[in-house]
Amino acid sequence: MQTSQTNIVAGFHALSDPLRLKVLQLLQTQELCVCDLCEVLNVTQSKLSFHLKTLKEAGLVNSRQQGRWIYYSLNPPQFAVLQQYLAEYSRLNQILSARSCDSGC
């Protein structure tokens, strides 16, 4: 799966806010509706909606509507994309470490 740089940037931008990280932590164990997230995080729905929009646009969460509530859950494939992106840097570090040892460890 080839991912555009825009998706990578959006993903890491979404992960850069403490409130969004708290939302993701809460969603690790279960799907939650906006009202539950507002209550647990002690934030207004308008403030939370802004952050949920950012997470959704980055592809990190899925949403579904049931009645008048919107439920959110994690989107694991997008986290895998970000993890794969970071893994490339881990491999680069291993290559650079091996090169420096070859030249006289």
Side-chain angles (χ1 to χ4, degrees):
M1 170 198 276
Q2 199 165 35
T3 304
S4 74
Q5 187 149 354
T6 303
N7 290 343
I8 300 290
V9 170
F12 285 115
H13 168 72
L15 294 172
S16 70
D17 183 87
L19 181 59
R20 291 192 288 265
L21 289 177
K22 288 177 186 176
V23 169
L24 295 173
Q25 288 171 342
L26 290 169
L27 295 176
Q28 283 182 350
T29 57
Q30 63 183 331
E31 177 183 69
L32 292 168
C33 73
V34 173
C35 60
D36 291 333
L37 289 167
C38 286
E39 186 177 322
V40 171
L41 297 168
N42 197 28
V43 296
T44 64
Q45 187 170 347
S46 61
K47 180 176 182 174
L48 185 60
S49 291
F50 168 79
H51 290 287
L52 289 168
K53 180 181 179 215
T54 301
L55 290 168
K56 190 169 180 186
E57 288 175 349
L60 296 174
V61 297
N62 297 314
S63 65
R64 68 174 181 86
Q65 187 163 356
Q66 182 175 335
R68 55 181 275 202
W69 297 112
I70 299 177
Y71 288 82
Y72 288 88
S73 61
L74 295 182
N75 181 24
Q78 183 61 16
F79 285 93
V81 167
L82 298 178
Q83 184 177 14
Q84 182 179 5
Y85 178 80
L86 290 175
E88 293 298 321
Y89 286 93
S90 178
R91 281 193 277 272
L92 178 62
N93 189 38
Q94 291 170 355
I95 292 168
L96 293 174
S97 294
R99 283 185 188 163
S100 65
C101 286
D102 289 344
S103 63
C105 276

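Given the structure is predicted, the values throughout are model-derived calculations rather than measurements. One is the number of the first residue; the rest follow in order along the sequence.
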Can you find a pair of side-chain heavy atoms, one from Ile70 and one from Leu52, that are under 4.5 Å apart?
no
Closest approach of Leu26 and Thr29, non-hydrogen atoms and distance?
O-OG1, 3.5 Å
Working for side chain to side chain contact (heavy atoms under 4.5 Å, CB included), residues Val40 and Leu32:
CA-CA 10 Å; Val40 171; Leu32 292 168; 6.0 Å; no
Rounded to the nearest 0.5 Å, what separation is found between the CG atom of Asn62 and the CG atom of Leu55?
11.5 Å
Taking atom NE2 of His51 and atom CG of Leu41, what is their separation to the nearest 0.5 Å?
10.0 Å
Enter the distance from Thr54:OG1 to Asp17:CG here, rounded to the nearest 0.5 Å.
8.0 Å
Following the transitive rule for hydrophobic clusters with a side-chain heavy-atom cut-off under 4.5 Å over Ile, Leu, Val, Met, Phe, Trp and Tyr, establish whether Tyr89 and Phe79 coincide in one cluster.
yes
Can you measure from CG (Leu27) to NZ (Lys22) and round to the nearest 0.5 angstrom?
14.5 Å
Val34, Leu19: one ILVMFWY side-chain cluster at the under-4.5 Å cut-off?
yes
Hydrophobic cluster membership, Leu21 vs Ile8, 4.5 Å side-chain cutoff:
yes
Rounded to the nearest 0.5 Å, what separation is found between the OH atom of Tyr71 and the CD atom of Gln30?
10.5 Å
Specify the closest pair of heavy atoms between Ala58 and Ala10, including all atoms of both residues, with the distance to one decimal.
CB-O, 3.4 Å
Hey, any chance Val61 and Phe12 share a hydrophobic cluster, counting ILVMFWY side chains that come within less than 4.5 Å of each other, even indirectly?
yes
Return the CG to CG distance between Leu60 and Asn7, rounded to the nearest 0.5 Å.
10.0 Å
Residues His13, Arg20; criterion side chain to side chain contact (heavy atoms under 4.5 Å, CB included); working and verdict:
CA-CA 10 Å; His13 168 72; Arg20 291 192 288 265; 3.9 Å; yes
Looking only at heavy atoms, which two atoms of Pro18 and Ser16 are closest? And how far apart?
CD-O, 4.0 Å
Taking Gln65 for the side chain and Gly67 for the main chain, is one N or O donor matched with an acceptor at less than 3.5 Å?
yes
